[in-house]
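Letters go in sequence order (proteins before strands), and every chain restarts at 1. Everything numeric here is computed off the predicted structure, so don't read it as measured data.
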Number of protein chains: 2
Amino acid sequence: MATSQSPTDYDARDWPPFAVTVDLVVLTVRDGALSALVIRRGEDPYAGCLALPGGFVREAESLDRAAARELAEETGLAELPVHLEQLATYGAVDRDPRMRVISVAYLALAPDLPTPRAGGDAVAAAWTPVASILPDLFPGSPPHSGAAGASLAFDHARILADGVERARAKLEYSPLAAAFCPPQFTVGELRRVYEAVWGVALDPRNFHRKVTGTLGFLVPVGDTTARQGGRPAQLFRLGDVTLLNPPMLRPV
Amino acid sequence: MATSQSPTDYDARDWPPFAVTVDLVVLTVRDGALSALVIRRGEDPYAGCLALPGGFVREAESLDRAAARELAEETGLAELPVHLEQLATYGAVDRDPRMRVISVAYLALAPDLPTPRAGGDAVAAAWTPVASILPDLFPGSPPHSGAAGASLAFDHARILADGVERARAKLEYSPLAAAFCPPQFTVGELRRVYEAVWGVALDPRNFHRKVTGTLGFLVPVGDTTARQGGRPAQLFRLGDVTLLNPPMLRPV
DNA sequence: CAAATAGTGTCTATCAGACATTATATC
DNA sequence: GATATAATGTCTGATAGACACTATTTG
């Protein structure tokens, strides 16, 4: 009857259509700074503004596949060893001035890649320090005089902030910090990931003790490297745990 | 150009339309059991099956508003003192056999309400113990012989499982357990919420010490009640914190 | 009285954070 | 030698979990 609320009590074709997009929060750590992949928009609205990469979901494509496709297209790499997970969905009525668009945001964490090339595309993708876009998320850091200070188009600043907060929380309970590292990495490199994402300084000694004491997190490879200078450090690879126990808690 | 990926490089009207729905995971604690609001479907597909309540998003309505509207309609209460938050979005290509439907799921936590009445609607909503729908989430509990053992229509079992896991995690770091309680409650009542949601037994003495020691969580009202039998218990109301410190951690 | 629930105290193992110290590389 | 990074050790205070004990109600 007319007031029924079940999604299948009507033919779905009777109901208003929406455009559905995926937007990507792609994070990496470059030069010790948490950085996000952004594009510069060429067209109105928000022409010339920075925005998150993204695109429309195709008719025969799941949301997850659309996100993976967009990621591959934006970074120019076919199959990336990156973590990709759904973040949240944004559906304010006026978030796009032209029509009703529902955007499903995804969070991707990538190691420090070569500068991304747009896939033969007019829009150039570039890594930008998150602190220069959202200084509120990094209270102690100096104001960025560099490329930006610019805010993002649409509600993308909010989406980026949600993505950073998700990444910060995930680093506590999951081994995802390793997603920012190459396949083999040192404890110091892993610590610099935590410091960049959380925006805090950590005690190297306590960090070392904690991270090597968390069972299943790190597996020693047996080799060492001195790519940071100083005493050579042991190389590790990621273990097989999915949940850290005990967790790596953020400082209060 | 033709390979551009920005959602706004094209007129959105050129792209495939999707139907967008909201589905609700509404949880409460009844008789010591975590229970979810489910409806029985009257029409194909899945006629006669249980399903989560939900409905289509309207054209001039945000996702959050659509979820709040559906919740009010399904529970028959206009303005509920419930917690409502977005859970995740489900967009597999074949999740609805009739057409492409994107479903944004929301999680609602409610105190033990009078039996819900459907809003003059043919579909009757009812509370069902989650353990009878998803016994895997409650390993120690006895097999339910009652109303169900039935699984849910579409991908709703997965959505419900995700909602329960979200609720379980949120109880650790937020004061959301109080959303399952009346405005004034005892420590014992709050403990039974944690036990029902997590599906574990907790030590009443350690729980009392922890929960009363977490600053800002509970504010004593000054009154007592003996609605459980035994020695009368102090009544509390929820404090003003949004994040518990220290958190209430689930037993390993 | 017994039984049930509420509330406090005590003990121990573990963990987070502060910080000393040693080891091994480069400049 | 100076400096930088790596790695281990030590100490203290906070916390989690196990559990003894007391308090106050109902039946």
Side-chain angles (χ1 to χ4, degrees), chain A residues 29 31-32 171-173 177 181 184-196 198 200-237 241 243-252, chain B residues 29 31-32 171-173 181 184-196 198 200-237 243-252:
Chain A
V29 176
D31 305 322
L171 256 55
E172 292 193 294
Y173 296 97
C181 296
Q184 298 194 355
F185 52 89
T186 69
V187 173
E189 289 164 353
L190 190 67
R191 176 172 49 81
R192 281 180 279 275
V193 165
Y194 274 90
E195 291 178 327
W198 285 348
V200 298
L202 300 174
D203 185 297
R205 299 158 294 182
N206 290 336
F207 182 88
H208 190 284
R209 178 167 40 80
K210 262 183 88 163
V211 80
T212 54
T214 295
L215 258 295
F217 192 177
L218 300 186
V219 178
V221 170
D223 209 353
T224 62
T225 181
R227 48 189 175 219
Q228 298 295 332
R231 172 177 166 179
Q234 263 192 285
L235 280 169
F236 295 87
R237 63 172 177 81
V241 287
L243 221 64
L244 299 186
N245 194 305
M248 306 286 297
L249 297 176
R250 278 179 274 189
V252 290
Chain B
V29 175
D31 305 321
L171 256 55
E172 292 193 294
Y173 296 97
C181 296
Q184 299 194 355
F185 53 88
T186 70
V187 171
E189 289 164 353
L190 191 65
R191 175 173 48 82
R192 280 180 279 275
V193 165
Y194 274 90
E195 291 177 328
W198 285 348
V200 298
L202 300 175
D203 185 296
R205 299 158 295 183
N206 289 337
F207 182 87
H208 190 285
R209 177 166 42 79
K210 262 183 89 163
V211 80
T212 54
T214 295
L215 260 294
F217 192 176
L218 299 185
V219 178
V221 169
D223 210 353
T224 63
T225 181
R227 48 189 175 219
Q228 298 295 331
R231 170 177 167 180
Q234 264 192 282
L235 281 170
F236 294 87
R237 63 172 177 80
L243 221 65
L244 299 186
N245 193 303
M248 306 285 297
L249 297 175
R250 277 179 274 189
V252 290

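Among all heavy-atom pairs drawn from A:Val193 and A:Cys181, the shortest one is CG2-SG, 3.8 Å. The minimum heavy-atom distance between B:Gly32 and B:Ala196, with the atom names listed, is O-CB, 3.5 Å.
Contact check of residues 222-230 of chain B against DNA chain C (heavy atom, cut-off under 4.0 Å) returns B:Gln228, B:Gly229, B:Gly230.
Within the structure, the side chain to side chain donor-acceptor pair (under 3.5 Å) test picks out the following pairs touching residues 204-221 of chain A (sequence neighbours left out): A:Asp203-A:Arg205, A:Asn206-A:Arg209. Counting only residues at least two apart or on different chains, the salt bridge (charged side-chain N to carboxylate O under 4.0 Å, His left out) pairs with a member in residues 214-227 of chain A are A:Glu189-A:Arg227.
Taking atom NE2 of B:His208 as the reference point, atom C1' of D:dC19 lies 17 Å away to the nearest angstrom.
Separation of atoms CG (A:Leu202) and CE (A:Met248) is listed at 7.5 Å; rounding is to 0.5 Å. B:Thr225 contributes atom OG1, which lies 12.0 Å from atom CD of B:Gln234 (distance to the nearest 0.5 angstrom). Atom CG of A:Leu190 is separated from atom CG of A:Leu171 by 8.0 Å, given to the nearest 0.5 angstrom.
With DNA chain D read from its 5' end, the first of the two nearest nucleotides for B:Pro232 and A:Gln234 is the one closest to A:Gln234.
Checked against ring pair (Phe, Tyr, Trp, His ring centres under 6.0 Å), B:Tyr194 has the following partners two or more places apart in sequence or in another chain: B:Trp198, B:Phe207.
Read 5' to 3', the first and last nucleotides of DNA chain C with an atom closer than 4.0 Å to a heavy atom of chain A are C:dA16 to C:dA25.
Distances shorter than 4.0 Å separate some side-chain N or O of A:Arg191 from OP1 or OP2 on D:dA6.
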I'd like a list of close polar pairs between nucleotides 15-18 of chain D and the protein, N/O only, cut-off under 3.5 Å.
{"from": "D:dA16", "atom 1": "OP1", "to": "B:Lys210", "atom 2": "NZ", "distance (Å)": "3.3"}
{"from": "D:dG17", "atom 1": "N7", "to": "B:Arg209", "atom 2": "NH2", "distance (Å)": "3.2"}
{"from": "D:dA18", "atom 1": "N7", "to": "B:Asn206", "atom 2": "OD1", "distance (Å)": "3.4"}
{"from": "D:dA18", "atom 1": "N7", "to": "B:Asn206", "atom 2": "ND2", "distance (Å)": "2.8"}
{"from": "D:dA18", "atom 1": "N6", "to": "B:Asn206", "atom 2": "OD1", "distance (Å)": "3.1"}
{"from": "D:dA18", "atom 1": "N6", "to": "B:Arg209", "atom 2": "NH2", "distance (Å)": "3.3"}

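By the neighbour-count criterion of 12 heavy atoms within 6.0 Å, atom CG of B:Leu249 is densely surrounded, having more than that number from other residues, nucleotides or ligands.
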side-chain contact (heavy atoms from CB on, under 4.5 Å) between A:Leu235 and A:Thr224: does it pass, once the steps are laid out?
CA-CA 5 Å; A:Leu235 280 169; A:Thr224 62; 5.9 Å; no
